[in-house]
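Every value quoted in this text rests on a predicted model; they were computed, and no experiment measured them. First listed ligand is number 1; within each ligand, the first listed atom is number 1.
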Amino acid sequence: MTNPMPTASALLGDCRRILVTGGAGFIGGAVVRRLLRESEALVINLDKMGYASDLTSIEEVLTELGSSGEKRHQLLRVDLTHAKATAEAVQAADPDLVMHLAAESHVDRSIDGPGAFIASNVTGTFNLLQAVRAHWQALPAERQARFRFHHISTDEVFGSLGPTGRFSETTPYAPRSPYSASKAASDHLVNAWHHTYGLPVVLTNCSNNYGPWQFPEKLIPVVILKAVAGEPIPLYGDGLNVRDWLYVEDHVDALLLAACRGEHGRSYCVGGHGERTNRQVVEAICKLLDTLLPAGAPHSRLISSVRDRLGHDRRYAIDPTRISAELGWQPRHSIEEGLAATVTWYVEHYASA
Ligand code: NAD
């Protein structure tokens, strides 16, 4: 699949200072790497450096780019739950564009300890919005006119689907886990700051991402690493929960298009046309590993059903018509291509670690 995706530099135009929150995480890291490789912008990476943070992939790009690259990436180790530190960080960053990805992101952790999700995702977004509003209001007219706040959210805010239908921008919110409820709350705050204060915002709600550098607690890296280690591969319940898988680099395309060309106050749903049951995904990974690392017996023998997640949403699927029609986005990878690239990356990366 191909599409005429403009470079980050072409999309950013005069936006020279980009504040990426959560840039040490999985998706934020992919955004930072793209910005460093494809533009001349200064990337200010605000992250609390929690358990899911890893700067290795960014350091690799900085090494690739040499001394010019190093000057273009700044880490601000800040926790958004601290209002004062957040305000100071935004002031120091002085951004033209904010891409807000920082969040507690793992549903299972939100079931075990919801408080951290309310603190980071709700209070953290509130603190950031307040800091960004003060910054935006104080900008000179020309910079104020091009300023954007892009909030990155999830399709999980829409709840769970039956066997048919897809989520779109007009689907009512119906979050069902502490994680999705905290993300829904953050979406509402962002919209409120737009309608009340006029803050120029854009929102995106995407489906499940996968790809290199994902923290190994989410389904795809867990399955690959367990299978490679010859350990039981956990599969929740009957394995028939459906997710609409999105390759992370395709998501970065969508994020840059929405951040730079999306309409103020508008949201865009992003999905990879990759609907698969968890069982199908696990079996596809096992097949890829049978070829890459033959183990004398199919890796699928390791699949082992485990007790289902509490309140496990049955099916998510996205209708990405708006972002395709209005911003020209198309995923560049089929799920087969994305999974093959991901499995190969984990095998090579962990084998050489
Ligand atoms: P991740 O967990 O890999 O990374 C999140 C980063 O945010 C981490 O580095 C963490 O330290 C940072 N962070 C968390 N709380 C913070 C705080 N209070 N202050 C500063 N930094 C903080 O998550 P991800 O998978 O990269 O997801 C990024 C964003 O995309 C999140 O907002 C998530 O809700 C959204 N999203 C993710 C997916 C997915 O499949 N991964 C799907 C839909 C939406």
### Query
Is it true that Arg314 and Asp238 make a salt bridge, defined as a side-chain N closer than 4.0 Å to a carboxylate O?
yes

#### Entry: Main-chain N/O of Phe117 paired to Glu104 side chain as donor or acceptor, under 3.5 Å
no

### Message
When you compare the side chains of Glu275 and Trp245, does any donor N or O come within less than 3.5 Å of an acceptor on the partner?
### Response
no

#### Entry: Subset of ligand 1 atoms that lie under 4.0 Å from at least one heavy atom of Ser207
42 (C), 43 (C)

### Numbering as shown, the atoms of ligand 1 that approach Ser153 to under 4.0 Å (heavy-atom distance)
43 (C), 44 (C)

### Message
Assess whether a salt bridge exists between Lys287 and Glu283, defined as any Lys/Arg side-chain N lying under 4.0 Å from an Asp/Glu carboxylate O.
### Response
no

### Summary
Atoms of ligand 1 under 4.0 Å from any heavy atom of Ala52, numbered from 1 in the order shown, are 2 (O)

### Query
Salt-bridged, Arg143 to Asp96, with N to O below 4.0 Å?
yes

### Task
Indicate the atoms forming the closest heavy-atom contact of Pro320 with Gly271, along with that distance.
CG-O, 3.9 Å

### Message
Considering non-hydrogen atoms of the protein only, which is the closest contact for atom 5 (C) of ligand 1, and what is the distance?
### Response
Ala103 O, 3.5 Å

### Message
Checking a contact table here: which protein heavy atom is nearest atom 11 (O) of ligand 1, and how many Å away?
### Response
Asp47 OD1, 2.7 Å

### Query
Do any nitrogen or oxygen atoms of Phe26 lie less than 3.5 angstrom from nitrogen or oxygen atoms of ligand 1?
yes

### Message
Side chain or backbone, does Cys206 bring an N or O within less than 3.5 Å of an N or O on ligand 1?
### Response
no

### Query
Is the shortest side-chain N to carboxylate O distance from Arg34 to Glu249 below 4.0 Å?
yes

### Message
I need the atoms of ligand 1 closer than 4.0 Å to a non-hydrogen atom of Ile152, numbered in the order shown.
### Response
30 (O), 32 (O)

### Query
Does Gly262 offer a backbone N or O that forms a donor-acceptor pair with the side chain of Arg148 under 3.5 Å?
yes

### Query
Which residue owns the protein heavy atom closest to atom 32 (O) of ligand 1, what's the atom, and how far is it?
Lys183 NZ, 2.7 Å

### Query
Do Lys218 and Ser105 have side-chain N/O donor and acceptor atoms under 3.5 Å apart?
yes

#### Entry: Part of Asp155 with heavy atoms under 4.0 Å of ligand 1, whether side chain, backbone, both or neither
neither

#### Entry: Distance-only N or O hit between ligand 1 and Lys48, under 3.5 Å
yes

### Task
Would you please test Glu38 and Ser9 for side chain to side chain contact (heavy atoms under 4.5 Å, CB included) and show each step?
CA-CA 6 Å; Glu38 280 193 5; Ser9 174; 5.6 Å; no

### Task
Name the closest protein heavy atom to atom 41 (N) of ligand 1, giving the residue it belongs to and the distance to 0.1 Å.
Ile27 CD1, 3.6 Å

### Message
Between Arg266 and Glu326, does any side-chain N to carboxylate O distance fall below 4.0 Å?
### Response
yes

### Message
Is it the case that ligand 1 has an N or O less than 3.5 angstrom from some N or O of Leu80?
### Response
yes

### For atom 40 (O) of ligand 1, the protein heavy atom that lies nearest, with its residue and separation
Asn209 N, 2.8 Å

### Query
When you check the side-chain N and O atoms of His151 and Asp187, is any donor under 3.5 Å from an acceptor?
yes

### Message
Using a 4.0 Å cut-off to any heavy atom of Leu101, which atoms of ligand 1 qualify?
### Response
28 (C), 29 (C), 31 (C), 32 (O)

## Note on the structure
For Tyr179, the atoms of ligand 1 under 4.0 Å from one of its heavy atoms are 33 (C), 34 (O), 36 (N)

### Query
Between His100 and ligand 1, which part of the residue brings a heavy atom under 4.0 Å of the ligand: side chain, backbone, both or neither?
neither

### Message
Contact between ligand 1 and Asn121 is defined here as a heavy atom of the residue under 4.0 Å from a ligand atom; is it met?
### Response
no

### Task
Around atom 15 (N) of ligand 1, find the nearest protein heavy atom and jot down its residue, atom name and distance.
Ser120 OG, 3.3 Å

## Note on the structure
atom 4 (O) of ligand 1 sits nearest the protein heavy atom Gly25 CA, 3.3 Å

### Query
Is Ser105 in polar range of ligand 1, meaning some N or O pair under 3.5 Å apart?
yes

### Element-labelled atoms of ligand 1 that are located less than 4.0 Å from some non-hydrogen atom of Asn208
40 (O)

Side-chain atoms of residues 221-234: list all donor-acceptor pairs with protein atoms under 3.5 Å, sequence neighbours left out, distances to 0.1 Å.
{"residue": "Lys226", "atom": "NZ", "partner": "Glu231", "partner atom": "OE1", "Å": "3.3"}

### Message
Within the structure, is a non-hydrogen atom of Tyr51 found at a distance of less than 4.0 Å from ligand 1?
### Response
no

### Message
Whether Arg109 engages the ring of Tyr51 as a cation-pi pair (distance to the six-membered ring centre under 6.0 angstrom, angle to the ring normal within 45°) should be assessed.
### Response
yes

### Query
Which ligand 1 atoms, with their elements, are less than 4.0 angstrom from a heavy-atom of Ala24?
9 (O)

### Message
Salt bridge or not between Glu263 and Arg322? Use side-chain N to carboxylate O under 4.0 Å.
### Response
no

### Query
Based purely on interatomic distance, does Gly50 place a nitrogen or oxygen under 3.5 Å from a nitrogen or oxygen of ligand 1?
yes

